[in-house]
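Residue numbers count from 1 along this sequence.
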Amino acid sequence: MSASTTVGPEARAAIASAVVGRDRELTLVLAAVAAGRDVLLEGPPGTSKSTMLRAITEHWGVPFVLVEGNAELTPARLVGHHNPARVLQEDYSADNFVPGPLVEAMREGGFLYIEELNRAPEDTLNVLLGAMAERAVTVPRVGTMKAESTFRVLASMNPFDNVGTARISDSVYDRWNRLAVGYQSAEEEADIVGRRTGSEDEDLIADGVALTRATRNHPELRRGSSVRGAIDLVAIAMELQKIDPAADRNRVVLDSALLALSARIGVDEASDATPEQVITEIWENHFFSAPGGQRRARTA
């Protein structure tokens, strides 16, 4: 590997300065990509997966190419296409080829990062696997494009969300080094919220993190919120306090939670509760229920 992509204690420390926590995960990912391997990060959204990868690419000085895995990510979108207008005038040529994210990352030696890999079509995955195996891709009427040495393919998937996803086959898994990534600690999430919002109100940050984390194990929710919910909750509460400094603080937190969390949680199909009712119950239990005491009944 070139000098810019070497790893060691100093390089790891420099990269880690851009990431909150994730010491073990960052070390493992850094070791894998330094060894020339591709990595699949499996876990819920909002768990610093892309943050780790961006920190590595910034330190190495290589591009970070982000692609969202969905039904529209066809092989042509991934690899690239010929400009239709120029084809009519000039016929097909290498000059009128518009590179897609895969070719872009290969040419520039960057990290191709595919979010929600299990939402991508099977034929797109087949093209991707071929490029991973050969470190090259052949484009009709253009030729074979070989990847630079720093090219890596990284991907993420949320194993807890089955809507719109496909089962990943064993042949796909066989190409990856898989790392399970879970939620961070409350202290680390509070650090993230403080950094992202600029808030110095430790109590507000603690409340936002606590309410958000409580959505992850509520019995009537099939999906809880990531730390992004806490970030938005605190940011909105800060602005509400500026608009009305005399407003009741607890009510400000509730209104912020309803706005920030209601779209980020998923109510279980067997429950008749609304997201607003569940969030209000969590808020009441956080502010008004004695530790170890009876949980308050839902009131909204």
Side-chain angles (χ1 to χ4, degrees), residues 12-13 15-30 41-56 58 66 113 115-116 154 156-161 179-241 249-250 252-267 275 278-287 289 291:
R12 191 216 171 279
I15 295 169
S17 65
V19 184
V20 175
R22 292 291 178 217
D23 289 341
R24 171 180 174 274
E25 292 89 347
L26 177 60
T27 299
L28 291 173
V29 171
L30 184 57
L41 302 172
E42 190 167 318
T47 48
S48 300
K49 296 187 290 293
S50 64
T51 301
M52 286 192 293
L53 301 178
R54 287 183 186 276
I56 295 172
E58 288 178 8
L66 175 64
Y113 178 53
E115 286 192 315
E116 304 297 343
L154 296 304
S156 68
M157 56 183 282
N158 177 7
F160 309 113
D161 186 1
L179 177 62
V181 181
Y183 288 113
Q184 289 160 280
S185 68
E187 292 75 16
E188 290 173 345
E189 292 194 339
D191 191 354
I192 293 171
V193 173
R195 292 191 188 193
R196 293 287 299 275
T197 64
S199 174
E200 298 179 355
D201 187 337
E202 294 183 1
D203 290 337
L204 175 60
I205 292 173
D207 289 336
V209 169
L211 294 179
T212 300
R213 291 176 67 85
T215 65
R216 299 172 195 164
N217 53 22
H218 192 281
E220 293 186 83
L221 297 181
R222 59 176 174 79
R223 184 187 75 247
S225 172
S226 72
V227 70
R228 296 184 185 120
I231 293 169
D232 285 2
L233 190 161
V234 171
I236 293 167
M238 291 169 65
E239 298 304 319
L240 287 176
Q241 289 173 330
R249 181 187 179 281
N250 290 354
V252 165
V253 172
L254 174 60
D255 288 340
S256 302
L258 292 170
L259 188 56
L261 301 178
S262 60
R264 290 184 164 98
I265 62 175
V267 179
V278 174
I279 292 168
T280 301
E281 177 188 321
I282 290 173
W283 171 79
E284 289 181 336
N285 287 324
H286 176 71
F287 282 107
S289 292

* Asked: Tell me, do L28 and M52 make a side-chain contact under 4.5 Å, heavy atoms counted?
  -> no
* Shortest non-hydrogen contact between P45 and N158, atoms and distance -> CD-ND2, 3.5 Å
* Between D203 and R249, is there a side-chain N and carboxylate O pair less than 4.0 Å apart? -> no
* Do the non-hydrogen side-chain atoms of T212 and V227 ever get within less than 4.5 Å of each other? -> no
* To do: Taking the side chain as every heavy atom from C-beta outward, state whether L154 and K49 have any pair of such atoms under 4.5 Å apart.
  => no
* Can you name the residues that form a salt bridge (charged side-chain N to carboxylate O under 4.0 Å, His left out) with R22, not counting sequence neighbours? -> E25
* Asked: Taking side chain as C-beta onward, heavy atoms only, is D23 less than 4.5 Å from R12?
  -> yes
* Does F287 reach the side chain of L254, with side-chain heavy atoms less than 4.5 Å apart? -> no
* Can you tell me if W283 uses its side chain to pair, donor with acceptor, with the backbone of N250 under 3.5 Å? -> yes
* Min side-chain heavy-atom separation P44-R223 under 4.5 Å -> no
* Asked: What distance separates S225 OG from R216 CZ, expressed to the nearest 0.5 Å?
  -> 6.5 Å
* Closest non-hydrogen atom pair between S226 and Y183, with its separation -> CA-CE2, 4.1 Å
* Structure fact -> Per side-chain contact (heavy atoms from CB on, under 4.5 Å), S48 is matched among E189, Q184, E188 by Q184
* Structure fact -> CG of L259 to CD1 of I236, rounded to nearest 0.5 Å, is 4.0 Å
* Asked: Using 4.0 Å as the upper bound for N to carboxylate O, is an ion pair formed by R195 and D191?
  -> yes
* Structure fact -> dist D207:CG -> L211:CG (nearest 0.5 Å) comes out at 6.5 Å
* **Side chain proximity check, R54 to L66, heavy atoms < 4.5 angstrom** => yes
* Measure the CZ-CD1 distance between R196 and I205 for me, rounded to the nearest 0.5 Å. => 13.0 Å
* Asked: What pair of heavy atoms forms the shortest contact from A18 to T51, and how long is it?
  -> O-CG2, 3.9 Å
* Asked: Closest approach of L261 and G229, non-hydrogen atoms and distance?
  -> CD2-CA, 3.7 Å
* Residue list, salt bridge (charged side-chain N to carboxylate O under 4.0 Å, His left out) with D201, at least two apart or on another chain -> none
* To do: Kindly indicate, with the supporting measurements, whether the criterion side-chain contact (heavy atoms from CB on, under 4.5 Å) is fulfilled by L41 and V29.
  => CA-CA 9 Å; L41 302 172; V29 171; 3.9 Å; yes
* Structure fact -> dist I192:CD1 -> R228:CZ (nearest 0.5 Å) comes out at 10.5 Å
* Structure fact -> Rounded to the nearest 0.5 angstrom, the OG1-CD distance for T197 and E239 is 10.5 Å
* **Residues in salt bridge (charged side-chain N to carboxylate O under 4.0 Å, His left out) contact with E115, at least two apart in sequence or another chain** => none
* Asked: Yes or no on side-chain contact (heavy atoms from CB on, under 4.5 Å) for S262 and I279, after CA distance, side-chain angles and deciding distance?
  -> CA-CA 7 Å; S262 60; I279 292 168; 3.9 Å; yes
